[in-house]
There are 2 protein chains.
Amino acid sequence: MRIGELAERTGTPRRLLRYYEEQELIMPTRCANGYRDYDERFVDRVVQIRGLLDAGLPTRIIKQILPCLDKPRVIHFKDATPEMLATLEGELDRMNHRIACLTRNRDAIEEYLEVVRQDKAPEPAAQSPGGR
Amino acid sequence: MRIGELAERTGTPRRLLRYYEEQELIMPTRCANGYRDYDERFVDRVVQIRGLLDAGLPTRIIKQILPCLDKPRVIHFKDATPEMLATLEGELDRMNHRIACLTRNRDAIEEYLEVVRQDKAPEPAAQSPGGR
DNA sequence: TCGAACCATCACATACATGTGAGGGTCAAC
DNA sequence: GTTGACCCTCACATGTATGTGATGGTTCGA
């Protein structure tokens with residue numbers, strides 16, 4: 001598929017698809033006329049990239065972890081230098097921190113919303129301060 | 001405490017503490033001489049801010065959710081306009097997406113690391129391709 | 001054959017978090 | 001009273017992910 005279709009199917013501006021390519025996150029082939037030609041697999045991949053970017057990972061890191069996640073991963077064993085593994089472990093750590101932080105705050109927001117809704121919804125009886 | 005101590009205790013450049021204040025994420029009082037005066041509570045708060053920033057939330061959003069998380073939260077009930085609640089729900093959603101994405105990728109990295117380690121560590125017997 | 005709808009590259013602009021430094025005040029210790 | 005370690009307020013610079021537009025090639029249907 002060409003860039004327009006991929007853009008539409010992933011909800012991503014063309015500009016960014018080209019940017020991700022420049023950052024070597026995705027490497028589409030080219031048609032004879034120079035147009036980018038994207039494989040079906042790129043749909044998922046782009047969505048994954050966007051998710052990781054949104055979660056705070058820079059392209060530099062995403063570029064490193066992406067190849068490790070492809071499923072027939074035997075191919076990538078030889079790339080696994082010690083430094084590379086160390087980087088991955090470091091990122092694993094940061095991701096765990098992020099997950100913990102997000103989860104903590106999400107739970108807190110959820111609780112807040114529940115409490116506020118309880119305070120607004122029920123029949124107007126005796127209520128603690130702040131009630132409507 | 002003054003800015004230097006807070007910076008050291010949170011591992012945050014002074015520059016950023018002033019920036020967070022400019023963005024109205026933290027509002028220290030001032031001493032007579034104009035120095036910022038930080039309460040003990042700011043230590044946790046700054047750490048929380050940094051965690052959320054690292055997880056991809058912009059200061060604009062952090063500013064909105066922070067006050068909802070303070071524990072004697074009765075004070076903040078009146079701020080809960082419908083638009084505000086909608087925003088919060090939206091952010092809750094995005095945070096859930098982020099958490100899901102991070103968790104998925106973390107698990108995949110973890111699995112990858114396990115497989116690679118298994119491939120490198122054990123006694124050199126018959127092994128699948130890619131072995132050392 | 002023309003126009004619309006794609007595609008290409010290039011370049012400049014923006015928002016946001018952050019770095020860095022200049023120019024100057026405060027204060028405690030010597 | 002001078003020095004050094006703080007603090008202040010600017011203000012300009014950087015990196016990263018984005019927005020936007022100029023300029024031009026390709027394809028295809030009217």
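We use all heavy atoms of the structure for the numbers below, so side chains are in, but hydrogens, waters and symmetry mates are not. Chain letters run A, B, ... following the sequence lines, proteins first, then strands; residues in each count from 1.
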Novice: Quick one: do B:L16 and B:V47 end up in the same hydrophobic cluster if we chain Ile, Leu, Val, Met, Phe, Trp and Tyr together by side-chain heavy atoms under 4.5 Å apart?
Specialist: no

Novice: Would you indicate which nucleotide in D:dT9, C:dC7, C:dA8 comes nearest to any side-chain atom of B:R30?
Specialist: D:dT9

Novice: Whole-Å distance between D:dC6 C1' and B:L17 CG?
Specialist: 15 Å

Novice: Output the distance between atom CZ (A:F42) and atom CE (A:M1), rounded to the nearest 0.5 Å.
Specialist: 9.0 Å

Novice: State the CG-CZ distance between A:L52 and B:R98, to the nearest 0.5 angstrom.
Specialist: 12.0 Å

Novice: Look up atom CD in A:E21 and atom CD1 in A:I3, then write down how far apart they are to the nearest 0.5 Å.
Specialist: 7.5 Å

Novice: Base contacts versus sugar-phosphate-only contacts with protein, heavy atoms under 4.0 Å: please encode nucleotides 18-30 of chain C as B, S and - from 5' to 3'.
Specialist: BBB----BBS---

Novice: Can you tell me if A:T59 touches the phosphate of D:dA17, counting only side-chain N or O atoms and a distance under 4.0 Å to OP1 or OP2?
Specialist: yes

Novice: Please report, rounded to the nearest Å, how far the C1' atom of D:dC6 is from the CE atom of B:M1.
Specialist: 16 Å

Novice: Between B:L57 (CG) and D:dA17 (P), how many Å, whole number?
Specialist: 17 Å

Novice: Quick one: A:L6 CG to C:dC7 P, roughly how many Å, whole number?
Specialist: 10 Å

Novice: Check the phosphate of D:dC7 against B:R14, side-chain N and O only, distance under 4.0 Å to OP1 or OP2. Yes or no?
Specialist: yes

Novice: Tell me what B:R18 touches on the nucleic acid: a base, only sugar-phosphate, or nothing, going by heavy atoms under 4.0 Å.
Specialist: base

Novice: If I take atom CD in residue A:E21 and atom C1' in nucleotide C:dA8, what distance separates them, rounded to the nearest angstrom?
Specialist: 11 Å

Novice: Starting at CD1 of A:I3 and ending at C1' of C:dA8, how long is that distance when rounded to a whole Å?
Specialist: 9 Å

Novice: Between C:dT9, D:dC8, C:dC7, spot the one nearest the side chain of B:R36, thanks.
Specialist: D:dC8

Novice: If the threshold is 4.0 Å, N to carboxylate O, is there a salt bridge linking A:D39 and A:R45?
Specialist: no

Novice: I need the B:R50 CZ to B:T12 OG1 distance, nearest 0.5 Å.
Specialist: 4.0 Å

Novice: side-chain hydrogen bond (donor to acceptor under 3.5 Å, both in side chains): which pairs involve residues 56-65 of chain A, sequence neighbours left out?
Specialist: A:E24-A:K63

Novice: From CD of B:E22 over to P of D:dA11, roughly how many Å is that when rounded to an integer?
Specialist: 12 Å

Novice: To the nearest Å, how far apart are B:D54 CG and D:dT16 P?
Specialist: 15 Å

